[in-house]
Amino acid sequence: MRVEIWSDIACPWCYIGKARFEKGLADFAHRDQVEVVHRSFELDPGRAKGDTAPVVDMLALKYGRSREEAQAMEEHVASNARSEGLGYRTEGRDHGSTFDIHRLLHLAKARGRQDALLDLAYRANFAEERSVFDAEVLVELAVEAGLDADEARAVLTDEDAYADDVRTDEREAAELGANGVPFFVLDRRYGISGGQPAELFTQALEQAWQGRTLTPVGVDGADAPTCDTDGSCEVPQH
């Protein structure tokens, strides 16, 4: 069985959702027969390369909140991340274009190192003092994931490298009805939206494996927190 996950490095619920999915997968009896493929989804596709801003300032502007209120939003998401054993910095993070990161992830996919690079990029963006919007940091992460530094740097230098792969992923997400991430698709038949609890993922995997009827793509889990195509990330108040 194949599980495809559309996500963006800038999305905190994708970071949290990946951890929850992996916990759910660990409890699935046929986990060794599940292929997981990560797909590209940009929350802010129109943002220019190099145009970065502090996350808290971006949230305050987007939601019309004070900086203190935006900081509280970050703290709330951080509590969700930490409950999953994930690190999360609530200050000092930037928001920017993730197109280059996605292109590099496609190189990593071709070299069998996609999951490793994705984990490193999430950790750098949310938990460490490393900007994923810096090309040299991306090269460092690529090397840590087992990629060749020169090859990674060549991809980042060539703006066309893997660009079509990113756009194909994004087009397929739109065709499947995804308007937010994380978005999980099981065997191109069933879909789960949002950072669901681990047990729901286990249940969904079991139902899909057994061929039982599951909610159609793009509907199941609509109440779970997601990040939308306008860059907005839901912050549950419970």
Quick one: [atom1] on [X] to [atom2] on [Y], what's the gap to the nearest 0.5 Å?
{"X": "Gln203", "Y": "Asp27", "atom1": "CD", "atom2": "CG", "value": "13.0 Å"}
{"X": "Lys49", "Y": "Glu159", "atom1": "NZ", "atom2": "CD", "value": "5.5 Å"}
{"X": "Leu138", "Y": "Leu120", "atom1": "CG", "atom2": "CG", "value": "11.5 Å"}
{"X": "Leu104", "Y": "Lys109", "atom1": "CG", "atom2": "NZ", "value": "14.5 Å"}
{"X": "Thr90", "Y": "His76", "atom1": "OG1", "atom2": "NE2", "value": "14.0 Å"}
{"X": "Asp165", "Y": "Glu170", "atom1": "CG", "atom2": "CD", "value": "11.0 Å"}

Do any N or O atoms from the side chain of [X] and from the backbone of [Y] form a donor-acceptor pair under 3.5 angstrom?
{"X": "Asp148", "Y": "Glu151", "result": "yes"}
{"X": "Asp57", "Y": "Ala53", "result": "no"}
{"X": "Arg31", "Y": "Ala26", "result": "yes"}
{"X": "Arg39", "Y": "Ile5", "result": "no"}
{"X": "Arg67", "Y": "Gln71", "result": "no"}
{"X": "Arg111", "Y": "Arg113", "result": "no"}
{"X": "Asp8", "Y": "Leu43", "result": "yes"}

Spell out, yes or no, whether [X] and [Y] are grouped together once hydrophobic residues are joined by side-chain heavy atoms under 4.5 Å, including indirect joins.
{"X": "Tyr162", "Y": "Ile101", "answer": "yes"}
{"X": "Met58", "Y": "Tyr63", "answer": "yes"}
{"X": "Val166", "Y": "Val185", "answer": "no"}
{"X": "Ile9", "Y": "Val139", "answer": "yes"}
{"X": "Phe99", "Y": "Val137", "answer": "no"}

Passing candidate, salt bridge (charged side-chain N to carboxylate O under 4.0 Å, His left out) with Arg89, options Glu74, Glu128, Glu129: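 Going through Glu74, Glu128, Glu129 one by one, the salt bridge (charged side-chain N to carboxylate O under 4.0 Å, His left out) with Arg89 is satisfied by Glu129 alone.
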With Arg65 via side-chain hydrogen bond (donor to acceptor under 3.5 Å, both in side chains) - residues at least two apart: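 Here no residue qualifies.
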Contacts of His38 that satisfy side-chain hydrogen bond (donor to acceptor under 3.5 Å, both in side chains) - sequence neighbours left out: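 Scan of His38 (side-chain hydrogen bond (donor to acceptor under 3.5 Å, both in side chains), adjacent residues dropped) gives Asp115.
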Pair [X] + [Y], salt bridge at N-O below 4.0 Å:
{"X": "Glu136", "Y": "Arg130", "result": "no"}
{"X": "Asp100", "Y": "Arg103", "result": "yes"}
{"X": "Glu84", "Y": "Arg20", "result": "yes"}

For the pair Val77 and Met73, evaluate side chain to side chain contact (heavy atoms under 4.5 Å, CB included) and give the outcome as yes or no after the intermediate values. CA-CA 6 Å; Val77 177; Met73 292 168 66; 5.9 Å; no
Just jot down the side chain to side chain contact (heavy atoms under 4.5 Å, CB included) partners of Asp187, sequence neighbours excluded, or say none.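 Per chain and number, Asp187 pairs via side chain to side chain contact (heavy atoms under 4.5 Å, CB included) with Met1, Arg2, Arg189.
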Report the residues that fulfil side chain to side chain contact (heavy atoms under 4.5 Å, CB included) with Glu68, sequence neighbours left out, ordered by chain and then residue number.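 Ser66.
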Any [X] side-chain heavy atom under 4.5 Å of [Y] side chain:
{"X": "Val132", "Y": "Tyr122", "answer": "no"}
{"X": "Leu176", "Y": "Phe183", "answer": "yes"}
{"X": "His30", "Y": "Glu206", "answer": "no"}

Determine whether the side chains of Glu42 and Thr98 contain a donor N or O and an acceptor N or O closer than 3.5 Å.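 Distance-only check fails for Glu42 and Thr98.
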Minimum-distance pair of heavy atoms, taken over all atoms of [X] and [Y]:
{"X": "Ala178", "Y": "Phe41", "value": "O-CE1, 4.1 Å"}
{"X": "Ala70", "Y": "Ala60", "value": "CB-N, 3.7 Å"}
{"X": "Trp6", "Y": "Arg188", "value": "CH2-NH2, 3.7 Å"}
{"X": "Cys14", "Y": "Pro182", "value": "SG-N, 3.6 Å"}
{"X": "Ala127", "Y": "Tyr15", "value": "CB-OH, 4.1 Å"}
{"X": "Ala121", "Y": "Leu141", "value": "CA-CD1, 4.1 Å"}

Please report the C-alpha distance between Thr202 and Leu25 in whole Å, then the side-chain angles of each, then the deciding distance to 0.1 Å, and finally whether the side chain to side chain contact (heavy atoms under 4.5 Å, CB included) criterion is met. CA-CA 6 Å; Thr202 303; Leu25 179 62; over 6 Å; no
Check against side chain to side chain contact (heavy atoms under 4.5 Å, CB included), Leu118 and Leu105: CA-CA 7 Å; Leu118 185 60; Leu105 282 165; 4.0 Å; yes
Report the C-alpha separation of Arg82 and Leu86 in whole Å, then their side-chain angles, then the decisive distance to 0.1 Å, and conclude whether the side chain to side chain contact (heavy atoms under 4.5 Å, CB included) test is met. CA-CA 5 Å; Arg82 291 164 186 158; Leu86 301 172; over 6 Å; no
Ring pair (Phe, Tyr, Trp, His ring centres under 6.0 Å) partners for Phe21, two or more places apart: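 Ring pair (Phe, Tyr, Trp, His ring centres under 6.0 Å) list for Phe21, sorted by chain: Phe184, Phe201.
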For Tyr88, enumerate each residue passing the ring pair (Phe, Tyr, Trp, His ring centres under 6.0 Å) test, keeping only those at least two apart in sequence or located in another chain.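 Here the qualifying residues are Phe126.
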Test side-chain hydrogen bond (donor to acceptor under 3.5 Å, both in side chains) on His106 and Ser40 and set out the steps. CA-CA 9 Å; His106 275 282; Ser40 300; 3.2 Å; yes
